[in-house]
Peer 1: 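I am attaching a structure below and will ask some questions about it afterwards.
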Amino acid sequence: MIKVAVNGYGTIGKRVADAVAAQPDMEIIGVSKTKPGAEAFVAKERGYPLYIADITKKESFEKAGIQVAGSVSDMIQKADIIVDATPGGVGEGNKALYEKYGKKAIWQGGEDHEVAGFSFNSSCNYAEAIGKQFARVVSCNTTGLCRIINLIDTAFGVKKVRATMVRRGGDPGDVKRGPIDAIVLNPVTIPSHHGPDVQSILPNINIVTSAMIVPTTLMHMHFLNMELKNPATKEQVIELIKAHSRLGLIEKSTGIISTAELKEYACDLLRPRGDLWENGIFKDSISVLEGTDLYLFQAIHQEADVVVETVDCIRAMAGSVKTASESIAITNKAVGLTAIR
Ligand SMILES: NC(=O)C1=CN([C@@H]2O[C@H](COP(=O)(O)OP(=O)(O)OC[C@H]3O[C@@H](n4cnc5c(N)ncnc54)[C@H](OP(=O)(O)O)[C@@H]3O)[C@@H](O)[C@H]2O)C=CC1
Ligand SMILES: O=C(OP(=O)(O)O)[C@H](O)COP(=O)(O)O
């Protein structure tokens, strides 16, 4: 069994812990937080040993009824690999600790590519991750872009991509974020960081992205245009999407035309926390104009899509499973992911 520690048991960390715990070849040896809170009680209920960043705060946790297993250093020494899910920009500061103990580590998209020197997406570069010591799972938006762009590029060749991300302002549990009533150009400048982030995995893709933030928490929405090198039909694109286990297809017959309805659908499907691990591509939006001009809308559940990618990254770095298709199948089966159709 691969012994996994989650350093940062928050929005992403708690989901990664549950996804790892569900795998037949992995186990959670510990999770960490900096202060007592609801998620500490969830970790206790799940049986995940809780470690803390500052061991001098042990008394505050124990006063709250939370048993502390030790310090983050203690946790790291017990693990084979650490998933760093601390807030964006915090994870970089933990690298020295991982190096000190000679441990493998995976960061999330809030860290720069340079922190790990390798950015990961299971359907794009799984083989390159095999045996690596460090990796970064790219952010939710970049994960969603890489999945579909790589699929279309492999089938038809992509001359250029133009994409706009309409991003959620914060997660449902983020009571300190916004905006409340504005459309915020973020960034105002074009291109946004998403294009170069995609190129950290798909370096040959000509891509320009733009992004904004709006008052919603449920999901991001992408407008995607790809100019193809070779002609395609809408039907061919749909068949390719259907054959990809992390690309969901939202049928017109569901009546779903919004992130709220899609989230409700995921909840009704009894997904854990209503999580949509796959891209939510709106089938009716798929258009191929003049044979080579592809358009589509896709919803991205920011809290979820990186979670299954992180599990595959663990497996690749451990070297236990050599192919993406085999790992993805194990991961998807263990968490209960059958992409929506
Ligand atoms: N939220 C999202 O939609 C997405 C986030 N990401 C990326 O995932 C990463 C994590 O983000 P997210 O889960 O949202 O963050 P959260 O703020 O939800 O969780 C961060 C966790 O890290 C803990 N923490 C904070 N500082 C430290 C520290 N010094 N040592 C150990 N643990 C610490 C926090 O503990 P405590 O609460 O006790 O302080 C909390 O449990 C970021 O890189 C982010 O960019 C990627 C895709 C989507
Ligand atoms: O990290 C993320 O959310 P957050 O930093 O806004 O909490 C998401 O991955 C969105 O980030 P991105 O827009 O850089 O992909």
Side-chain angles (χ1 to χ4, degrees), residues 5-17 30-43 48 50-55 57 60-61 64 66 68 71-73 75-76 82-95 97-98 106-113 115-116 119-120 136-146 163-179 184 186-187 192-198 200 209-214 216-222 273 275-277 300-310:
V6 176
N7 193 14
Y9 190 71
T11 302
I12 298 300
K14 65 189 178 186
R15 287 172 164 85
V16 166
V31 299
S32 76
K33 281 180 66 45
T34 69
K35 57 185 177 295
E39 282 149 348
F41 288 99
V42 172
Y48 301 147
L50 185 77
Y51 293 80
I52 57 177
D54 178 355
I55 200 65
K57 294 188 177 173
S60 65
F61 278 84
I66 304 290
V68 171
S71 68
V72 165
S73 291
M75 178 178 75
I76 289 168
I82 297 94
V83 173
D84 191 297
T86 56
V90 171
E92 181 178 1
N94 295 326
K95 184 173 182 179
L97 207 51
Y98 305 145
I106 299 171
W107 286 271
Q108 295 295 315
E111 309 301 329
D112 293 337
H113 170 83
V115 173
S119 291
F120 177 85
R136 174 188 77 137
V137 171
V138 291
S139 79
C140 48
N141 284 301
T142 306
T143 292
L145 290 170
C146 286
T164 295
M165 266 63 63
V166 181
R167 302 153 80 196
R168 65 86 173 91
D171 297 325
D174 287 349
V175 295
K176 298 173 184 170
R177 291 176 69 172
V184 181
N186 180 309
S192 68
H193 66 277
H194 302 93
D197 225 20
V198 167
S200 71
T209 54
S210 55
M212 62 194 79
I213 292 178
V214 295
T216 187
T217 65
L218 299 176
M219 294 184 190
H220 303 303
M221 184 70 81
H222 293 178
R273 301 182 178 91
D275 280 358
L276 196 78
W277 298 290
I300 299 296
H301 184 193
Q302 72 280 0
E303 300 167 298
D305 70 342
V306 298
V307 172
V308 289
E309 300 296 331
T310 302

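Whatever order the structure lists ligands and atoms in, that order sets their numbers, starting from 1.
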Peer 1: With respect to Asn141, determine whether any N or O atom, backbone or side chain, lies less than 3.5 Å from an N or O atom of ligand 2.
Peer 2: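 Indeed, backbone or side chain, Asn141 has an N or O that close.
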
Peer 1: Looking only at distances, please establish whether an N/O atom of ligand 2 is found under 3.5 Å from an N/O atom of His194.
Peer 2: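 Yes, His194 has an N/O under 3.5 Å of an N/O on ligand 2.
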
Peer 1: Within a strict 4.5 Å, meaning less than it, do heavy atoms of the Arg168 and Arg177 side chains meet?
Peer 2: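 Of all side-chain heavy-atom pairs linking Arg177 with Arg168, at least one is under 4.5 Å.
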
Peer 1: When only distance counts, is Val72 in polar contact with ligand 1, meaning an N/O pair under 3.5 Å?
Peer 2: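 Min N/O separation from ligand 1 is not below 3.5 Å for Val72.
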
Peer 1: Below 4.0 Å from any atom of ligand 1, is there a heavy atom belonging to Arg168?
Peer 2: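 Under 4.0 Å: yes for Arg168.
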
Peer 1: Compare all side-chain heavy atoms of His194 with those of Arg167 and state whether any distance is below 4.5 angstrom.
Peer 2: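 A side-chain contact exists here, since the closest heavy-atom pair is under 4.5 Å.
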
Peer 1: Which atoms of ligand 2 are found less than 4.0 Å from any heavy atom of Arg177?
Peer 2: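 Once the distances to Arg177 are compared, the set is 4 (P), 6 (O), 7 (O).
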
Peer 1: Examine Tyr9 against ligand 1 and note whether any of their N/O atoms are separated by less than 3.5 Å.
Peer 2: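 Tyr9 vs ligand 1: N/O contact under 3.5 Å present.
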
Peer 1: Is there a heavy atom in Gly37 that sits closer than 4.0 Å to ligand 1?
Peer 2: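 In this structure, Gly37 fails to qualify as a contact of ligand 1 - no heavy atom is under 4.0 Å.
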
Peer 1: Just checking, any donor-acceptor pair under 3.5 angstrom between side chains of Ser139 and Asn141?
Peer 2: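 No, Asn141 and Ser139 have no side-chain donor paired with an acceptor closer than 3.5 Å.
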
Peer 1: For ligand 2, which atoms have a heavy atom of His193 less than 4.0 angstrom away?
Peer 2: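 Result: 12 (P), 14 (O).
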
Peer 1: Crowded around Glu39 CD? As in, over 12 foreign heavy atoms under 6.0 Å?
Peer 2: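 Above 12, so yes.
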
Peer 1: Within the structure, does Gln108 bring an N/O atom to less than 3.5 angstrom of an N/O atom in ligand 1?
Peer 2: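 Min N/O separation from ligand 1 is not below 3.5 Å for Gln108.
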
Peer 1: Polar-atom distance check: Asn94 versus ligand 1, any N or O pair below 3.5 Å?
Peer 2: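 No, no N or O pair falls under 3.5 Å.
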
Peer 1: At a non-hydrogen distance cut-off of under 4.0 Å, which region of Cys140 contacts ligand 1 (side chain, backbone, both, or neither)?
Peer 2: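 Looking at Cys140 and ligand 1, atoms from backbone and side chain both fall under 4.0 Å.
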
Peer 1: Less than 4.5 Å apart, any side-chain heavy atom of His220 and any of Gln302?
Peer 2: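 When only atoms from C-beta onward are counted, Gln302 and His220 do touch, with a gap below 4.5 Å.
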
Peer 1: Looking at ligand 1, does any of its N/O atoms fall within less than 3.5 Å of an N/O of Lys33?
Peer 2: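 Among all N and O atoms of Lys33, at least one is under 3.5 Å from an N or O of ligand 1.
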
Peer 1: At what distance, to the nearest 0.5 angstrom, does OG1 of Thr209 lie from NE2 of His193?
Peer 2: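 Between atom OG1 of Thr209 and atom NE2 of His193 there are 7.5 Å.
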
Peer 1: Any idea which part of Arg168 is under 4.0 Å from ligand 2, heavy-atom wise: side chain, backbone, both or neither?
Peer 2: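 Answer for Arg168: side chain.
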
Peer 1: List every atom of ligand 1 that sits less than 4.0 Å from any heavy atom of Pro87, numbering the atoms from 1 in the order shown and giving each element.
Peer 2: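 Counting from 1, the qualifying ligand atoms are 20 (C), 22 (O), 24 (N), 25 (C), 26 (N).
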
Peer 1: What protein heavy atom sits nearest atom 27 (C) of ligand 1, and how far away is it?
Peer 2: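 Nearest protein contact, heavy atoms only, for atom 27 (C) of ligand 1 is Thr34 CG2, 3.4 Å.
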
Peer 1: Does ligand 1 come near enough to Gly110 that some N or O of the ligand is less than 3.5 Å from an N or O of the residue?
Peer 2: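 Among all N and O atoms of Gly110, at least one is under 3.5 Å from an N or O of ligand 1.
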
Peer 1: Suppose I only count heavy atoms of Ala53 and a 4.0 Å limit; which atoms of ligand 1 are within that range?
Peer 2: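 Those of ligand 1 that fall under 4.0 Å from Ala53 are 30 (N).
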
Peer 1: What protein heavy atom sits nearest atom 19 (O) of ligand 1, and how far off is it?
Peer 2: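 Ranked first by proximity to atom 19 (O) of ligand 1 is Gly10 CA, 3.4 Å.
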
Peer 1: Report the part of Val90 in contact with ligand 1, treating N, CA, C, O as backbone and CB onward as side chain, heavy atoms under 4.0 Å; options are side chain, backbone, both, neither.
Peer 2: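 Just the side chain.
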
Peer 1: Measure from atom 42 (C) of ligand 1 to every heavy atom in Leu50, Thr86, Asp305 and give the option owning the shortest one.
Peer 2: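 Checking each option, the heavy atom nearest atom 42 (C) of ligand 1 is found in Thr86.
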
Peer 1: Please check whether Lys35 reaches ligand 1 - meaning an N/O of the residue sits under 3.5 Å from an N/O of the ligand, judged on distance alone.
Peer 2: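 In this structure, Lys35 places an N or O atom under 3.5 Å from an N or O of ligand 1.
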
Peer 1: Please state which protein non-hydrogen atom is closest to atom 23 (C) of ligand 1 and give its distance, to 0.1 Å?
Peer 2: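 Minimum-distance protein heavy atom for atom 23 (C) of ligand 1 reads Gly8 CA, 3.7 Å.
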
Peer 1: Testing the 3.5 Å rule here: is there a donor-acceptor pair between the side chains of Thr310 and Gln108?
Peer 2: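 Looking only at side-chain atoms, Gln108 and Thr310 do form a donor-acceptor pair, the distance falling under 3.5 Å.
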
Peer 1: When you measure from atom 20 (C) of ligand 1 to every protein heavy atom, which one gives the shortest distance, and what is it?
Peer 2: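 It is Ala85 O, 3.5 Å.
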
Peer 1: Could you tell me the residue and atom name of the protein heavy atom closest to atom 48 (C) of ligand 1, and the distance to it rounded to 0.1 Å?
Peer 2: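 Answer for atom 48 (C) of ligand 1: Gln302 O, 3.0 Å.
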
Peer 1: Among all the protein's heavy atoms, is there at least one whose distance to atom 34 (C) of ligand 1 comes out below 4.0 Å?
Peer 2: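 Protein heavy atom within 4.0 Å of atom 34 (C) of ligand 1: absent.
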
Peer 1: Rounded to the nearest 0.5 Å, what separation is found between the CE atom of Met221 and the CE atom of Met212?
Peer 2: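 Rounded to the nearest 0.5 Å, the CE-CE separation comes out at 12.5 Å.
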
Peer 1: Tell me, do Thr86 and Asn94 make a side-chain contact under 4.5 Å, heavy atoms counted?
Peer 2: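 Answer yes - side chains close enough.
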
Peer 1: Are any of the heavy atoms in Cys140 under 4.0 Å away from ligand 2?
Peer 2: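 Yes; Cys140 lies near enough to ligand 2 that a heavy-atom distance drops under 4.0 Å.
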
Peer 1: Please compare Asn141, Val6, Ile12 and report which has the shortest non-hydrogen distance to atom 6 (N) of ligand 1.
Peer 2: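 Closest candidate by heavy-atom distance is Ile12.
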
Peer 1: Could you report the tightest heavy-atom contact between Thr34 and Lys57, atom names first, then the distance?
Peer 2: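 Minimum heavy-atom contact is O-CD, 3.7 Å.
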
Peer 1: Can you check whether Val137 reaches Val83 side chain to side chain, under 4.5 Å on heavy atoms?
Peer 2: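 When only atoms from C-beta onward are counted, Val83 and Val137 do not touch, as no gap falls below 4.5 Å.
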
Peer 1: Who's the nearest protein heavy-atom neighbour of atom 16 (P) of ligand 1, and how far?
Peer 2: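 Answer, as residue, atom name and distance: Thr11 N, 4.0 Å.
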
Peer 1: Please examine the side chains of Val72 and Asn7, heavy atoms only from C-beta on, and report whether any two atoms are closer than 4.5 Å.
Peer 2: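 When only atoms from C-beta onward are counted, Val72 and Asn7 do touch, with a gap below 4.5 Å.
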
Peer 1: Which of parallel (below 30°), tilted (30 to 60°) and perpendicular (above 60°) describes Tyr98 and Trp107?
Peer 2: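 The arrangement is tilted - the two ring planes meet at 30° to 60°.
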
Peer 1: Where do Val184 and Pro179 come nearest, in terms of heavy atoms and distance?
Peer 2: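 Here Val184 and Pro179 meet closest at CG2-CG, 3.8 Å.
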
Peer 1: Do Leu145 and Met165 make a side-chain contact, defined as non-hydrogen atoms from C-beta onward lying under 4.5 Å apart?
Peer 2: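 SC-SC contact between Leu145 and Met165 confirmed.
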
Peer 1: Within a distance of under 4.0 Å, is there any protein heavy atom near atom 14 (O) of ligand 2?
Peer 2: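 Protein heavy atoms within 4.0 Å of atom 14 (O) of ligand 2 - there is at least one.
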
Peer 1: Out of all atoms in ligand 2, which are within 4.0 Å of some heavy atom of Arg167? Include the element for each.
Peer 2: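 Listed by number with element, the hits are 11 (O), 12 (P), 13 (O), 14 (O).
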
Peer 1: Can you find a heavy atom in the side chain of Ile76 that is under 4.5 Å from one in the side chain of Tyr51?
Peer 2: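 When only atoms from C-beta onward are counted, Tyr51 and Ile76 do not touch, as no gap falls below 4.5 Å.
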
Peer 1: Which protein heavy atom lies closest to atom 31 (C) of ligand 1, and at what distance to 0.1 Å?
Peer 2: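 Checking every protein heavy atom, the shortest distance to atom 31 (C) of ligand 1 gives Asn7 OD1, 3.2 Å.
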
Peer 1: Backbone, side chain, both or neither: what part of Lys14 comes under 4.0 angstrom of ligand 1, heavy atoms only?
Peer 2: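 Under 4.0 Å from ligand 1, Lys14 contributes no heavy atoms.
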
Peer 1: Mark up the atoms of ligand 2 that fall under 4.0 Å of a heavy atom belonging to Ser139, in ascending order.
Peer 2: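 Those qualifying, in numeric order: 9 (O), 12 (P), 14 (O), 15 (O).
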
Peer 1: How long is the span from the CD1 atom in Ile300 to the NE2 atom in His222, to the nearest 0.5 Å?
Peer 2: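 Answer rounded to 0.5 Å: 5.0 Å.
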
Peer 1: Short list, please: which atoms of ligand 1 are under 4.0 Å from a heavy atom of Ser32?
Peer 2: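 So the atoms of ligand 1 that pass are 31 (C), 32 (N).
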
Peer 1: Hey, is Arg136 close enough to Glu111 for a salt bridge, meaning N to O under 4.0 Å?
Peer 2: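 Between Glu111 and Arg136 there is no salt bridge, as every charged N stays at least 4.0 Å from the carboxylate O atoms.
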
Peer 1: May I ask you to identify, for Asp171, whether its side chain, its backbone, both or neither come under 4.0 Å of ligand 1 on a heavy-atom basis?
Peer 2: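 Side chain only.
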
Peer 1: How long is the straight-line distance from CG of Asp112 back to OG of Ser200, given to the nearest 0.5 Å?
Peer 2: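 Answer rounded to 0.5 Å: 10.5 Å.
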
Peer 1: Give, for atom SG of Cys146 and atom CG of Asp197, the distance between the pair rounded to the nearest 0.5 Å.
Peer 2: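 Interatomic distance, Cys146 SG to Asp197 CG, rounded to 0.5 Å: 7.5 Å.
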
